[in-house]
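In what follows, a single structure is set out as structure tokens and then discussed.
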Amino acid sequence: METVVFSLLNGVIYGLLLFMLSSGLTLIFSMMGVLNFAHASFYMLGAYFAYTISSVSGFWLALIFAPILVGLVGAATERWGLRKVHANGHVAELLFTFGLAYLIDEVVKIIWGRNSVDYRVPELLDFPLFTLYGTQYPAYRIFILFVAVAMLVALWLLLKRTRAGLIIQAALTHPEMVGHLGHNVPRIFMTVFGVGCALAGLAGVIGGNYLVTDPAMAISIGPIVFVVVVVGGLGSLEGAFIASLLLGLLQTFAVSIDASFADIFGWLGLGETTEVGRITIASLAPMLPFLMLVLILMVRPRGLMGDRDI
Amino acid sequence: MEPMLEVRDLNAFYGKSHVLRGVNMEIMPGEVIALLGRNGVGRSTTAKAIMGEVAPRGSIKFKGQEIAGLESYRIAHLGLGYVPENRDIFPTMTVRQNLVLGIKDMKTPGRWSIEQMLEMFPNLKARADNPAGVLSGGEKQMLTMCRTLMGDPDLIIIDEPTEGLAPKIVHQVGDTIAEIAKAGVAILLVEQKLSIALRIAARVYVMGHGEMVWSGTPDEFREREDVRREWLEV
Amino acid sequence: MTAPALKLTDLHKSFGPAKIIQGVNLEIEKGERHAIIGPNGAGKSTLFNLISGQFWPTSGSVELNGQDISRMKPHEVNRRGLSRSFQVSNVFTNMTVRENVRCGVLYSMGHGYSFWRNVGNLREVQEKTSAILEHVGLIDKANLPAALLPYADQRTLEIAITIAGGAGVILLDEPTAGMSHSETDRAVALIEKATEGKTLIIVEHDMGVVFGLADRISVLVYGEIIATGRPEEIRGDPRVREAYLGDENLEGVA
Amino acid sequence: MSDMATENFANLAPSNAQKFRMRVLPFVLFAAVAVLIPLFGPSRSAYSLLNAIGINIVFALSYNMLLGRAGLLSFGHAVYFGLGGYAALHAMGMIENADGGFWGSVPVFAMPLVGFAGGALAGAVIGWPSCRRAGTAFAMISLGVAELIAAMGFMFGSIFGGEEGISGDRMNGPEVFGLSLGPIGEVYWFIAFWTVLAALLIFAFTRTPLGRMSEATRDNPQRVEFVGYDPTRVRYLVFIAAGGFAGLAGGMSAVNYEIFTPEALSLLPSGFVLIMTYVGGARYFAGPVLGAIVLTYMQSNLSDFTEAWLLYLGLLFITIVMYAPNGLAGIVAGLWNGTRATGMAYLKTWAARVVAIAIAMVGVIVLVEVAVRKSNGYGEVFEPFGLHLTPGSPLTWALVIVPLIVGLGLLRHLARDEQEAGA
Amino acid sequence: DTVKIGFIDPLSGPFGPTGDAGLKQFNFAADQINENGGMAGNTVEILPFDNKVNPKESLVQLQKAIDQGARFIVQGNGSSVASAIIDAVNKHNTRNPGDEVLFLNYAAVDPAFTNDRCSFWHFRFDSDADMKMEALTDWVTKNEDIKKVYLIGQDYSFGKAVAAAAERMLAEKAPDVEIVGNELHPLGKVKDFTPYIQKIISSDADAVITGNWGQDMVLLIKAAISSGSDVPYLTYYGGSLGAAVAMGEQAVGSVYQVSEVNTNLPTTDAQNALIDAYEAKYPNNNYYFHRIHMLMDMMDMAAEKSGSTDPKDIAMALEGMVVDGPYGTVTMRADNHQILQPLFVSVFSDNVQRDVENTSLGWASTDADRIEAEDTKTETTCKMERP
Ligand SMILES: Nc1ncnc2c1ncn2[C@@H]1O[C@H](COP(=O)(O)OP(=O)(O)OP(=O)(O)O)[C@@H](O)[C@H]1O
Ligand SMILES: Nc1ncnc2c1ncn2[C@@H]1O[C@H](COP(=O)(O)OP(=O)(O)OP(=O)(O)O)[C@@H](O)[C@H]1O
Ligand SMILES: CC(C)C[C@H](N)C(=O)O
Ligand SMILES: [Mg+2]
Ligand SMILES: [Mg+2]
């Protein structure tokens, strides 16, 4: 019972964190068609910016300014980089962001060092909120929950309720036509990319101290973010939300299950002693997202909630 | 009177191929002009160059202001509307949303409101909340024109509105254009079908090999069998 | 009696709730030139897609020379002797004209997926390719990248690829779309020459082409064939005038 | 205009001499270079570098069968490299433990063939589901599969050896060409032999019906269907072949390094081969070869000069993506054609551009190197040409800012000139 | 002349700090030797190579190190890497007679290296996983109220060796103690240990044994603290850089570490001066790898003794060497090249003279927690083949 409750709680928090990260990517992916490989790098930038800002002036200012800074970096990237490659098609864009990820990783290593930095949960939130079955539950996790939900609502309103959302969606498939109708498409793209990156940055501010802030944080979470976006369905915020939670729960529960293949497939004659039999469910956790990705792409290429194939 | 659009020595390239070679033309306010010519002479390119979709060299003045080289959204803001060859409706959005996107600025409403537009075109009104992708070819053509009108342009460039349409619908589209012209909007009509062009236009330009080779009124044009033979038929 | 070249039986196709093709029945004899006309969005291209395997029908069947092909993939249909062209030019733009045609020839000459032979050394393939280029009049431009071809030549190449595999049934979707009058005339001549002895089905909006070329015409409206018959019959049919041709007589085309 | 184009291309049909020059000569030269290198008595580290280059050439060429030829962007090509390598290592294990029998008669020299079989087999299994889709979906599947297989690598110890990986010994079994494969100089001959052979085979593949159709499928899969081919099948077969050659490279690597770890299957080496191929130029057959040479050199030697070599690599890659999408090979070809067409003038602007880039690079390098040393915290100082550049000194900043402004300004100027001059 | 020592360890990534700390300690020791006239008159130089804890990468770096003239290789982080290096060094030495290379291992403690896989060209200067586990299981046996033990470790040879040793020794020494969990997690990949801690808490364990190191140690402890898991954590590497900060006050009295040193042990003035000098030079690091100093000192002595810096001569001289170290006598076994040194089980405490990581907390132990070098000796299956 307690395992279930805690896995649920932790899974949801991890899922929300994933959602914060992937919402920005969903935004960029669905509106600009750019599969931003550097997205997790912007997440990392968010964490490092927050680390630096908070060491000078505290966490709360970092919470506001770090995402803005990341957004500006993102907008600049679009303005002077991505826009140039746009003409060469999506693969070129993808490769550009791929190279950018490399670059950001290296720059981060130079500025902040190769090892993790001591970016911590703000003291105000650093206390156990409640104790359940003898385990303390840190308040910061609930804070994550609130921020993520607020973000979901804001994004949803932005996307569904405004003309800006319409323009962006139209500009994705018919950028030139939208321009002829008098809308400044490049600026819209720049804004979208900037906002998407800022969202990643926000996730970094919040996730950086919840997890670890180190130069490997981008590459370790990057692929999972792709999984979320693809599994959730291209351009679907709801899909990304569901997929994030699903993945968060799946991974957390997998770790907490104490069974091996031998226990489960014992009836097939699979023994404790065989190599396959000894594989535990917990050890499967890291590969579950990718299993899901491959399966989804094969079975339902548009993802859970998407309206078009990727 | 000042011309509304004045094109001087316009040149354009696709990579290395020189497509427009010194195009000159002008359009007066409220005037309907037809641009004729064989396939591939560069009529669409002329339209694209004016609209900034193809990089132009030379001078393009709209209402006295130089617009060559401006971004397309700025050109649109000056009052130039464009209905491209391929129509480019937004297929997943409803007819109404398509019209909303035609509005440049929500704060300053133009001459036409969405409701008026729908009154004018009952076909569209019936499908106002359908995704535009399901419209028939003729309806799509009407929708693009209406959408452009929502931006309240003073001049619309319409590229081959009847291409690929069934004979019956061709006629409908002709009527629509005439209607728009009646409202005082100047029109540059790029058209292959002489019957329509000659019916609505006040003046005709004939293009050949990337430049203007003849211009005059429809009546003058009907007289000139030679122009027709040399520049419009192979 | 031999089976008809193509036989559509009670063909239906829906996209979600939208019923695009609603019960088409049609028989086309071997060697016939058949035109399909109809208003925009009537489902002509969709019908071609159904026949050629691009889409599968919701119900009904397509028979090619008596064999049911309605659940086959495009390449399987093609191998059974049916080839089609596209409404929008659909050639291999990065390849030369010759390579384009060669792609059309390879499979039919039995070189499928082989990876142990140099294409340059396949004598018969080269010869057949050249013959086709000669036939359609593109031999002078054989080494030009297809992307650089003028529009009319691209349409010609489109047709060349379509006939290259030697299929007995040829489907052409608006082959003269966007062509001027004289280009159209040349295209019609080419089509006549190239489909000599073959079964041809063509979709066109240009009534000159349709009435000049076709032995029989079918009129498709809202996914149903409202009339089939010889050109004179169709021209005179009031329903066809009402649904498709309109009041105006044949359009003067510049 | 079209007439002009026709004229330009009328005599495009390659003559026999041209065919020889374009298709045969490069391979003869390539092989000749490979044979001549040992005459210069390379050092041991030179040999390690050359061997690594050979392996990467084959790996990148195999990758380009997908990226450049079939238009498939894969993020998981290292999977086939790795599985081929593992297959070869297991075979080496069999050879080591064999007394007589089949494995007793198999030379280690033939391991690349085992690698080929392993890679092709893996390609056949994994390609089956993934080749049904092209484009972004294919890319994503390849990414998922790569992560999946890499994770499995850590789970099945008996196959992949867990964190430790699997080791082998190349000095067993019968010798071929009198090579014991012990000293690195002998391994060089092994690598050279397989590199040249694989390059030849991969080139030959592009000239076969399947090779041609793979390019056709890249450009227009829909049309391919209507000339009787199944694009899925075309992709699948090319995928298997590409997997096979990647596995062959893996087999070469297995013999050269005598170890494979599950990391070899992961995203990082897959990304590296993508970068090699793209930087070299995916449109050209020689592109990946060029990319492999340059990047392997950077990886093993530039990393000795500067810790920030990955940063330079990232910069190089991004610059290529932005300004030279046809890669180094494209630049070389452009230089060659441009010079032939417009003569010295072209060469001059080109040289001017190189100079401008070099000037700007000075600024970038000073900035990066000074920053790296500061961030290391060992108190080391960047001292090129006897200069003493500390983060605080104005000289440092002058050396960063002035070259950057001058170089970039010059580049801009050149670009504008070109725009005004050319069509 | 210079004696070049190739240092192959992670200098970036999740284990970067651990490798970096080792490198600093080597550099410091090398400087000391050089100040005192060098190694048999030669200057010692450490050449660092980053291997990202990847065995294959390590071999590439090994090749580079050898090409750059290093005849001595030191490494410690990761038995996976050490295993590959032992193998490669053996091969290199058979293929290049007269050009041999010697591997001095300062931390990779998979027991196999001095048993079945022992090699003349490998010396280990750290007590192996079994020897340390003896100490930890003794501690468990002594504590009557520990009835349930949870094992958690990294999924590779060392982690498995720790788990196996714990199972074997507990079964032997304290049959009534139940092992309620035996978990292996991926090496260096887990970012949030909360789910694992969750399992530990719900298993009702009275103590946890872990061989985790580097970031895996820091994050494990961080998660344990924030979830309020307050049972004793018996660790091999609780002293990993960064762990102390993550533990904070809450870990006082509940985290233990078995090691060859803690800086609060009574020792000689010279040793205290050495510690001071080290911590003055590297204010962000603590004196942690005492065994690195032992390694360098013993190598120095071997060079003096044999009057040579040839790897083979040094190896011969190292065999059976006995040294009087600042914390007791240290012996290099000749039969399997395993060091025998005193071990200490220390506890994290707020009452210490020397703190770690500027926290005012540190490691402390009593005399009762000392295990004499002789007592750590284990049976070996090694059949040493000497050239
Ligand atoms: N994107 C392009 N790239 C290269 N060449 C192009 C491009 N678009 C058009 N062209 C070429 O430029 C010339 C002029 O094209 P344009 O579209 O302006 O002709 P048009 O007069 O509108 O004819 P059409 O009746 O075909 O619409 C043609 O030769 C055409 O092949
Ligand atoms: N994949 C699809 N999904 C949904 N609707 C489709 C799809 N393909 C075609 N349609 C719809 O089917 C109808 C028929 O389209 P089709 O292209 O067959 O028309 P057509 O007769 O060829 O017209 P045209 O003469 O303009 O080429 C159109 O309303 C179109 O919107
Ligand atoms: C540096 C050490 C913590 C390495 C570890 N003891 C191992 O053997 O793998
Ligand atoms: Mg046109
Ligand atoms: Mg159609």
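Quick note on labels: first sequence line is chain A, next is B, and so on, each numbered from 1. Only this structure's heavy atoms are used, side chains among them; waters, hydrogens and symmetry mates stay out.
- Of all non-hydrogen atoms in D:Leu143 and A:Pro223, the two that sit nearest each other are CD2-CB, 4.2 Å.
- Between D:Pro325 and A:Asn88, the shortest heavy-atom distance links the atoms CG-ND2, 3.8 Å.
- Here the straight-line distance linking atom CE of A:Met292 with atom CG of D:Leu148 works out to 13.0 Å at 0.5 Å rounding.
- Legend: residues meeting side-chain contact (heavy atoms from CB on, under 4.5 Å) with D:Leu411, ordered by chain and number and at least two apart, are D:Arg353, D:Ala356, D:Ile357, D:Leu408.
- Within the 4.5 angstrom heavy-atom criterion, no atom of D:Ile320 approaches chain A.
- Across A:Leu293 and D:Met140, no two heavy atoms sit closer than the pair CD2-O, 3.3 Å.
- Of the two parts of D:Leu274, only the side chain, counted from C-beta on, holds a non-hydrogen atom closer than 4.5 Å to a non-hydrogen atom of chain A.
- Residues D:Ala371 and A:Ile110 share a closest heavy-atom pair of CB-CG2, 3.5 Å.
- Of the atoms belonging to D:Leu311, heavy atoms from both backbone and side chain fall under 4.5 Å from chain A.
- Contact record, A:Leu284 with D:Met155: CD2-CE, 3.5 Å, taken as the closest heavy-atom pair.
- For the atom pair D:Thr136 OG1 and A:Phe226 CZ, the distance stands at 10.5 Å (nearest 0.5 Å).
- The part of D:Tyr323 that comes within reach of chain A is its side chain, from C-beta onward, which places non-hydrogen atoms under 4.5 angstrom from that chain.
- At a 4.5 Å heavy-atom cutoff, A:Val227 makes no contact with chain D through either its backbone or its side chain.
- In this structure, A:Leu103 and D:Leu315 approach most closely via the heavy-atom pair CD1-N, 3.5 Å.
- Using cut-offs of 30° and 60° on the angle between ring planes, the pair A:Phe98 and D:Phe75 is tilted.
- Among pairs with a residue in residues 103-113 of chain A, those fulfilling side-chain hydrogen bond (donor to acceptor under 3.5 Å, both in side chains) read A:Thr52-A:Trp112, A:Glu106-A:Lys109, at least two apart in sequence or across chains.
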